[in-house]
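Atoms within each ligand, like the ligands themselves, are counted from 1 in listed order.
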Amino acid sequence: MMRDMIAITDLLGTTHPIISAPMAGVAGGRLAHAVSAAGGLGMIGARGTSSPEWIAEQAAIAGEGATPFGIGLMAWVPQLDEQIDAITSLAGLSRPKLVSVSFGDLVEPVRRLHEWGLLVACQVGNAADLEQVIEARADIIVARGGEGGGHGRDEVATDDLLAMALAATERPVLAAGGITTAADVARVMGAGAAGVWCGTPFLTCVEADNTPAARAALVAADATRYSRVHDVAQGLAWPREFGGRAVDTPFVQRWAGDEDAMTDAARAEHADGRERGDTGYTPLYAGVGVDRLTAETDAASVVRSLVDGI
Ligand SMILES: Cc1cc2nc3c(=O)[nH]c(=O)nc-3n(C[C@H](O)[C@H](O)[C@H](O)COP(=O)(O)O)c2cc1C
């Protein structure tokens, strides 16, 4: 099959078929660089509010020493066009090997990125997403199941979604969502994935942009919940169909499933908690693999532990 003819490592210029997910607020140039230096492909996660200057700065850090790296964008944000302009003007070592765009209308952004000769990956969470990215002609499809951390859909489990994607396209498919151990990597690659796209295992890396307190809370946590609680509490305009999986806390538990009824007092409680740095209120996005996070670590160690499954 065509799928087997181009190894993802050749496509991306990496040693290993391991991609660290773009994670806004956590994965900046430093984490991306460290993952890539260890033989994977590190992705920078842009927030909606990330400026062209921030993107250029982080790309320069990630690409230092000619390591390949990627940048991940969110399709629904009003700043998308400006962010694509920023990426298409990156040159030399700052030019990304891969750009991802997910969560929203993907056809036009993929077309624009292709115009500049960039490789594009898109995350999918159900059959309709899959149809859209095939129409958009994404180069790499990321089958991101409901076990995954951060925003996405909570409809189809990773292994089932991977099987659906492999049946629907001959393009390379990466597995994502709940892949934390070498055994997970071995399972999905055995099922036909071209590689893995992992976020949660990299959350406690010292190279990440989150705080030591957030990393400690992630190590202490062992359960997550999918909801729109943090977005509603902060007034963020995420489309309703993309909730987020985050560490379960009493506040998340109280409002999950009841987000539309959230009171102003609850919003104020959330804002105060975040202001104080109380991790009971920090949006600690993480996948089901959070229970595997046992200590602060570094990107090279995480890549090594995942490579054992190949
Ligand atoms: C803290 C965090 C932030 C995330 N931010 C983004 C993002 O900015 N853009 C994006 O496309 N995906 C984002 N994701 C989703 C990841 O791309 C990926 O789907 C997910 O991490 C895979 O599941 P895992 O966490 O179980 O490995 C984020 C995930 C986490 C945990």
Side-chain angles (χ1 to χ4, degrees), residues 18-28 31-32 35 40-50 54-55 58 70-77 79-80 83 98-104 106 109 120-125 129 133 138 140-154 156-159 161-162 174-181 184-185 188 193 195-205 208-211 214-215 217-218 221 224-226 230-231 236 238-239 242-247 279 282-293 302 305-306:
I18 291 172
I19 290 88
S20 66
M23 296 188 283
V26 176
L31 181 62
V35 170
L41 186 86
M43 302 277 297
I44 295 166
R47 297 177 189 272
T49 51
S50 295
W54 184 88
I55 290 174
Q58 301 304 312
I71 305 179
L73 303 177
M74 299 181 287
W76 65 271
V77 304
Q79 300 87 343
L80 179 68
Q83 293 183 339
L98 181 70
V99 179
S100 74
V101 57
S102 306
F103 317 133
L106 302 177
V120 185
C122 297
Q123 298 186 68
V124 302
D129 287 351
V133 302
I140 296 173
I141 292 168
V142 184
R144 191 259 188 221
E147 297 94 321
H151 288 84
R153 296 188 194 269
D154 188 28
V156 188
T158 300
D159 288 3
L161 193 62
L162 174 63
L174 303 177
I179 296 164
T180 356
T181 64
D184 297 328
V185 175
V188 295
V196 294
W197 170 285
C198 300
T200 297
F202 292 96
L203 285 175
T204 53
C205 287
D209 286 345
N210 54 6
T211 62
R215 296 200 281 268
L218 286 157
T224 60
R225 190 179 292 266
Y226 180 86
H230 291 301
D231 294 332
L236 300 179
W238 270 92
F242 301 115
R245 181 171 294 284
V247 168
T279 52
T282 311
L284 288 176
Y285 286 110
V288 297
V290 77
D291 62 342
R292 300 272 182 177
L293 300 175
V302 175
S305 72
L306 296 169

Item to check | Donor-acceptor pair, side chain of Gln83 and main chain of Gly48, under 3.5 angstrom | outcome: yes
Next on the checklist: Return the closest protein heavy atom for atom 18 (C) of ligand 1 as residue, atom name and distance.
Outcome noted: Trp197 NE1, 3.6 Å
Checklist entry - Under a 4.5 Å cut-off applied to non-hydrogen side-chain atoms, are Asp129 and Arg153 in contact? => result yes
Item to check | OG on Ser305 to CD1 on Ile18, rounded to 0.5 Å | outcome: 8.0 Å
Next on the checklist: Below 4.0 Å, non-hydrogen atoms only: which portion of Met23 touches ligand 1? Side chain, backbone, both or neither.
Outcome noted: both
Next on the checklist: With a 4.0 Å cut-off on heavy atoms, is Gly178 in contact with ligand 1?
Outcome noted: yes
Next on the checklist: Just by distance, no angles: are the side chains of Thr180 and Arg292 close enough, under 3.5 Å, to form a donor-acceptor pair?
Outcome noted: no
Checklist entry - atom 8 (O) of ligand 1: which protein heavy atom is closest, and how many Å away? => result Ala24 N, 3.1 Å
Checklist outcome for this item: Quick note on ligand 1: atoms under 4.0 Å from a heavy atom of Ala21 include exactly 16 (C), 17 (O), 18 (C)
Item to check | Min side-chain heavy-atom separation Val290-Leu218 under 4.5 Å | outcome: yes
Checklist entry - So which heavy atom in the protein is nearest atom 7 (C) of ligand 1, and how far is it from that ligand atom? => result Pro22 O, 3.2 Å
Next on the checklist: Walk me through whether Trp238 and Phe103 qualify under ring pair (Phe, Tyr, Trp, His ring centres under 6.0 Å).
Outcome noted: CA-CA 9 Å; Trp238 270 92; Phe103 317 133; 5.4 Å; yes
Item to check | For atom 20 (C) of ligand 1, the protein heavy atom that lies nearest, with its residue and separation | outcome: Gly149 O, 3.4 Å
Item to check | Beyond-backbone contact of Cys205 with Val302, side-chain heavy atoms, under 4.5 angstrom | outcome: yes
Next on the checklist: Give me the residue, atom name and distance of the protein heavy atom closest to atom 25 (O) of ligand 1.
Outcome noted: Thr200 OG1, 2.6 Å
Checklist entry - Can you list the ligand 1 atoms lying under 4.0 Å from a non-hydrogen atom of Gln123? => result 10 (C), 11 (O), 12 (N), 17 (O), 18 (C), 19 (O)
Checklist outcome for this item: Quick note on ligand 1: atoms under 4.0 Å from a heavy atom of Cys198 include exactly 27 (O)
Next on the checklist: If the cut-off is 4.0 Å to any non-hydrogen atom of Gly177, which atoms of ligand 1 fall inside it?
Outcome noted: 22 (C), 23 (O), 26 (O)
Checklist entry - What residue and atom, counting heavy atoms only, is the protein's closest point to atom 27 (O) of ligand 1, and at what distance? => result Gly199 N, 2.8 Å
Checklist entry - Are Tyr226 and Val288 close enough that some pair of their side-chain heavy atoms sits under 4.5 Å apart? => result no
